[in-house]
Trainee: 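To start, I am sharing the structure in question, which I have written as structure tokens.
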Amino acid sequence: MLFDSHAHYNDSRFDTDRDEILSSMRDNNVGLIMNSCSNLGEIPDIIGLCEKYDFIYGSVGVHPHDVEDMTEDDIDALHEYLKYPKIMAVGEIGLDYYYDNSPRNLQRKWFARQIELAIETGMPIVIHDRDAHGDCMDIMRAYKNDITGEFHCYAGSVEMAREILGWGMYIALGGALTFKNSVRPREVAEYVPLDMLLIETDCPYLTPVPHRGKRNSSLYVHYVAEEIARIKGIPVKEVEDMTYNNAKKMFKIK
Ligand code: NI
């Protein structure tokens, strides 16, 4: 069975067929899904999905795109939502210097603040780091002894992965691994031990080859597992089972 460790089923691109597609997961070997979160407004829908489907879990957090107007009241609200039994992580949180939708100083401030919230509540973190590796790693180093979690849609180097693994954090790979021009994710897939890898779709975004250009869903997460198996020269079943168990362990799902 597959564990899609990062998806956005609350996204409006699933409005026309959300229930239909989620009802087909079990028959297509997808056993568990972690629904990620970008802002507080999404949380009621995410909890709704967790309540409707036993195989969906959620995280809560504010994406760097949405931190501009964030306040301490929002931290308190996240703290409350983290008490819900199927909310298993703080995320996605981090830095995005590609879009720069929020001022960088505020991105750094609220990334650090949400890491502190995760430490305080004993939750793993789900990190979004786009074109901000230097600052992201600087912030993480300050908390490296106290945090657990993962770098979602990992786009850094092997050297950076080595440091992250040294902190006991996981590396998640998604559709980008299957793109023809992607050299780095392949090097990372080869380097990172299987027991520290997660697979994900980030659906509806980042659709893997051969469906690139269409809307993504967890039904395509097997392409990521297959690519990792090819790169490592091991059976796909081994990748499926290990990444499934890794994600369960990291998110503390019984
Ligand atoms: Ni995401």
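Quantities reported herein were computed from a predicted structural model and do not represent experimental measurements. Along the sequence shown, residues carry numbers from 1. Order of listing sets the numbers, starting from 1, for every ligand and every atom in it.
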Trainee: Regarding Asn101 and Glu68, is there a side-chain donor-to-acceptor distance under 3.5 Å anywhere?
Mentor: no
Trainee: So, for Tyr223 and His211, is the gap between ring centers shorter than 6.0 Å?
Mentor: yes
Trainee: Is the closest basic N to carboxylate O distance between Asp138 and Arg108 below 4.0 Å?
Mentor: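 Judged by the 4.0 Å cut-off on N to carboxylate O distance, Asp138 and Arg108 do not form a salt bridge.
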Trainee: Inside 2.8 Å of the Ni ion (ligand 1) but strictly below it, how many protein N/O/S atoms are present?
Mentor: 4
Trainee: Are Phe251 and Met242 co-members of a hydrophobic cluster defined by side-chain heavy atoms under 4.5 Å apart?
Mentor: yes
Trainee: With a 4.0 Å cut-off, would you call Glu227 and Arg186 a salt bridge?
Mentor: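 Salt bridge: yes.
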Trainee: Is the shortest distance from a Lys or Arg side-chain nitrogen in Glu51 or Lys86 to a carboxylate oxygen in the other one below 4.0 Å?
Mentor: no
